[in-house]
Amino acid sequence: MKKFNRTLVTTALPYANGPVHIGHLAGVYVPADVYVRYLRMRGEDVLLIGGSDEHGVPITIKAQKEGITPQDVVDKYHNIIKNSFEGLGISFDVYSRTSSPTHHETASEFFKSLHDKGEFIEKSSEQYYDEEANQFLADRYITGTCPHCKSEGAYGDQCESCGTSLNATDLINPTSSITGNKPILKETKHWFLPLDKHEDDLKKWILEDHKEWKPNVYGQCKSWLDNGLHPRAVTRDLNWGVPVPVKGAEGKVLYVWFDAPIGYISATKEHTPEWEKYWKQEDTRMLHFIGKDNIVFHCIIFPAMLKAEGSFILPENVPANEFLNLEGDKISTSRNWAVWLHEYLEDFPGKQDVLRYVLTANAPESKDNDFTWKDFQARNNNELVAILGNFINRAVVLTHKYFEGKVPAAGEYNDFDKETLEAIPSLIEKVEKNLETFHFREALKEAMNLARLGNKYLADTEPWKVIKTDEERVKTIMNICLQISTNLSTLLEPFLPFTAEKLRGFLNIEPLAWEKMGAQVIEAGHSINKAQLLFEKVEDTTIQAQVDKLLATKAANEAAAKPVTPAKENINFDDFMKMDIRVGTIVEAEKVAKTKKLLKLTVDTGIDKRTVVSGIAEHYKPEEIIGTQVSILVNLEPKKLKGIESQGMILMAEDADGKLAFVSPDKVVKPGSEIR
RNA sequence: GGCGAGGUAGCUCAGUUGGUUAGAGCGCAUGAUUCAUAAUCAUGAGGUCGGCGGUUCAAACCCGCCUCUCGCUACCA
């Protein structure tokens, strides 16, 4: 086992085109914060690094849409994000941003260093260029007709209507979304990082030396490595980002994925002049907390960058979480299907720990999980209020009732007392073990077991009965309850920092160091304060209001559902007559092997029986459609698909959800009948 | 279709290199209790461990096939 003297924890940089939601929190920030708080309490040298990712095309597009500058966009969201993290008690040592001067400098130097060492490949290719705007166009800036489904408004990287990913050069009638002009193809040079060069090193490092990584992380890396790595472009033609610091690269910036992880380094630099200690010394344990969408960047690409540079250490572990769903649906920023952190903090003032608790207890550690408001309420009312809050309240109230709020001295322990006290260290140990292996939900459960232990102890000793006959015995009982309470204030601190502080207020104590936890942590004679409630119940109406808010979002989304595509340009009758559309009868149908969507159909067109390959396998089963009459375009030039020549196209009606339906005659007609 | 991750009690999840009656929390039922925000404590019910087949003295765990969910990827004339 390697010995580490300090720990550097990075958290995925949230993209500054929207606020942070519970999915980000459950996947990355809450577990990272719990982990770091724990290490700090143990007196370890640890840094928690974060920052906003502020470059990239989506931000420039958002700015353009709203008629403001990209800087305005990122300023707005950076502030919202930063403040809401603070509000939830995510204890960043530094929360920076990639538009900062330090970052520009750092990223620039990093690129230059790799460039000077000859770690890049230079390649030229033809890309679309807008002559009026005088710039190359990012894929997202080009729209046109999708070559597959023929719908207009497809982007250069993807058609949103049929979901196909495209190359910009595939688009029919490409237009620049900056000026509306037709772009020209122009040669441009880019720099590529040859990942393949580092393949063997990465293979050994991950597949052999880090078998302990979580299965989802290890598996995805293995999949990438087994498929072979390829060079990846690290620059883009864009004016928002870190300029490429070499001659002949005017108008080019670093690609976001290259620039963003360097943000971890820049942020560390901003925090401390001793940043190199954290990034370059072998006795540093570096950990990347991320969501599963970021696994390859942090396990393969960024390490390849660091290795190419040469002086940096690689991460020790990458505890990536899966995704959190919301009320059964995927969280989505664009569909506003989310619980936004800044809104939660407004709607539930003083309840930061409730969210922290629920997200930890239900974290998607091994598979995707679902957040529901009902579960939120249940965990608050049945666990935080009933188990933890209640125990503390009982202990404090009884101490005031019997001993004027002074911690009574314990007398002789009986066997049950000893047993109870001895259970404390073993619980602590379980919490530690789980925290250190990134099992946060289990760690939290074990920590809560200390409160359960307290409740059980009270139920078994019954001080409210014993007080009538044996006050001395009750002194011991209450002493032990307060020892447990004091331990709770430390044990729960990583998970529930606000509650821990509140609890210390009730007990009138200073923070207790992690190592100090045990059987004797609060002294006899010490005065404690009057009890207040540690947690309040969450009422049905509160939860209903949140559910209603989501239902409203859903309704709004449906109302705003895709507008009907506007009519295309007029054509003349001759144009129309060029198309030969017939009624055909499907006589055979079978699935095309090794595809998900394709069916191979034999259609009786009246003219002949011909083969047509159609992407309808997800909507129709082969055996169900034999005998169905459909519309078929018979004079479309043939095209080979998966090795089968498709002679014609079956006409399909497609709704906004992408559901397909045949266009069929309403009564049987003779195959070959013309449609016009 | 390929690759990866999952499918264990009503819900959310643990199950170490295969080894006796498969565990926890919440929910549910019954009982106890009243110090406490009707909060607690005890006991119990509830599982052909996704399905089928195989290896083995022994399979939730290993192998093969199938099936469903999530992610990446190919296919949509």
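Chain letters run A, B, ... following the sequence lines, proteins first, then strands; residues in each count from 1.
Ring pair F348(A)/W373(A) is parallel by interplanar angle, where below 30° counts as parallel and above 60° as perpendicular.
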Provide a list of protein-nucleic acid N or O atom pairs under 3.5 angstrom, restricted to nucleotides 3-8 of chain B.
from: C3(B); atom 1: O2'; to: S223(A); atom 2: OG; distance (Å): 2.6
from: G4(B); atom 1: O2'; to: Q220(A); atom 2: N; distance (Å): 3.4

Could you go over nucleotides 28-32 of chain B and give all protein N or O partners under 3.5 Å, atom names and distances?
none

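Between the side chain of S489(A) and the main chain of L503(A), no donor-acceptor pair closer than 3.5 Å is present. Under a 3.5 Å cut-off, the side chain of K222(A) and the backbone N or O of L207(A) do not form any donor-acceptor pair.
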*Determine, step by step, whether Q483(A) and N479(A) satisfy the side chain to side chain donor-acceptor pair (under 3.5 Å) criterion, reporting the C-alpha distance in whole Å, the side-chain angles of both residues, the deciding distance to 0.1 Å, and the verdict.*
CA-CA 6 Å; Q483(A) 302 300 341; N479(A) 181 287; 3.1 Å; yes
*Using the salt bridge (charged side-chain N to carboxylate O under 4.0 Å, His left out) rule, take E365(A) and K214(A) through it: C-alpha gap first, then chi angles, then the decisive distance, then the call.*
CA-CA 9 Å; E365(A) 284 178 3; K214(A) 291 173 65 169; over 6 Å; no
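Counting any heavy atom pair closer than 4.0 Å across all strands shown, L388(A) reaches no nucleic acid atom. Within 4.0 Å of A378(A), counting heavy atoms only, lies no atom of the nucleic acid at all. Among the protein residues, E637(A) comes within range of no part of the nucleic acid, since none of its heavy atoms lies under 4.0 Å from any strand. Looking at heavy-atom distances under 4.0 Å, L633(A) makes no contact with the nucleic acid at all. Residue V613(A) is in sugar-phosphate contact alone, with no base atom involved, counting any heavy-atom pair closer than 4.0 Å across all strands shown.
Within a 6.0 Å sphere centred on NZ of K406(A), heavy atoms belonging to other residues, nucleotides or ligands number 12 at most. Around CD of Q532(A), the count of heavy atoms belonging to other residues, nucleotides or ligands within 6.0 Å does not exceed 12.
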*Give the dot-bracket string for RNA chain B, reading 5' to 3', where a pair is Watson-Crick or G-U wobble with both distances under 3.5 Å, ( ) marks pairs inside the strand, [ ] marks pairs crossing earlier ones, | marks a partner on another strand, and . marks unpaired.*
(((((((..((((.....[...)))).(((((.......))))).....(((((..]....))))))))))))....
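In this structure, of U40(B), U12(B), C76(B), it is U12(B) that holds the atom nearest to the side chain of R441(A). Set against C35(B), G27(B), G25(B), the side chain of K401(A) has C35(B) as its closest nucleotide. Ranking C75(B), C41(B), A24(B) by closeness to the N455(A) side chain, first place goes to C41(B). Here U33(B) is the nucleotide among U40(B), G25(B), U33(B) with the atom lying nearest to any side-chain atom of K465(A). Here C70(B) is the nucleotide among C70(B), U33(B), A36(B) with the atom lying nearest to any side-chain atom of D368(A). Here the nucleotide nearest the side chain of A459(A), chosen from U34(B), G27(B), U40(B), is U40(B).
A22(B) sits 9 Å from G47(B) when the C1' atoms are compared, rounded to a whole Å. One P atom belongs to C26(B), the other to U67(B), and the distance between them is 39 Å to the nearest Å. The P atoms of U69(B) and G64(B) are separated by 23 Å, rounded to the nearest whole Å.
Counting only residues at least two apart or on different chains, the salt bridge (Lys or Arg N to Asp or Glu O under 4.0 Å) pairs with a member in residues 375-400 of chain A are D375(A)-R379(A), R379(A)-E383(A).
A donor-acceptor contact under 3.5 angstrom links the side chains of N449(A) and E446(A), judged on distance only.
Taking the side chain as every heavy atom from C-beta outward, F662(A) and I586(A) approach each other to under 4.5 Å.
RNA chain B is contacted by no residue of residues 470-477 of chain A, taking any non-hydrogen atom closer than 4.0 Å. Of the residues in residues 389-397 of chain A, those lying under 4.0 Å from RNA chain B by heavy-atom distance are N390(A), N393(A), R394(A), V397(A).
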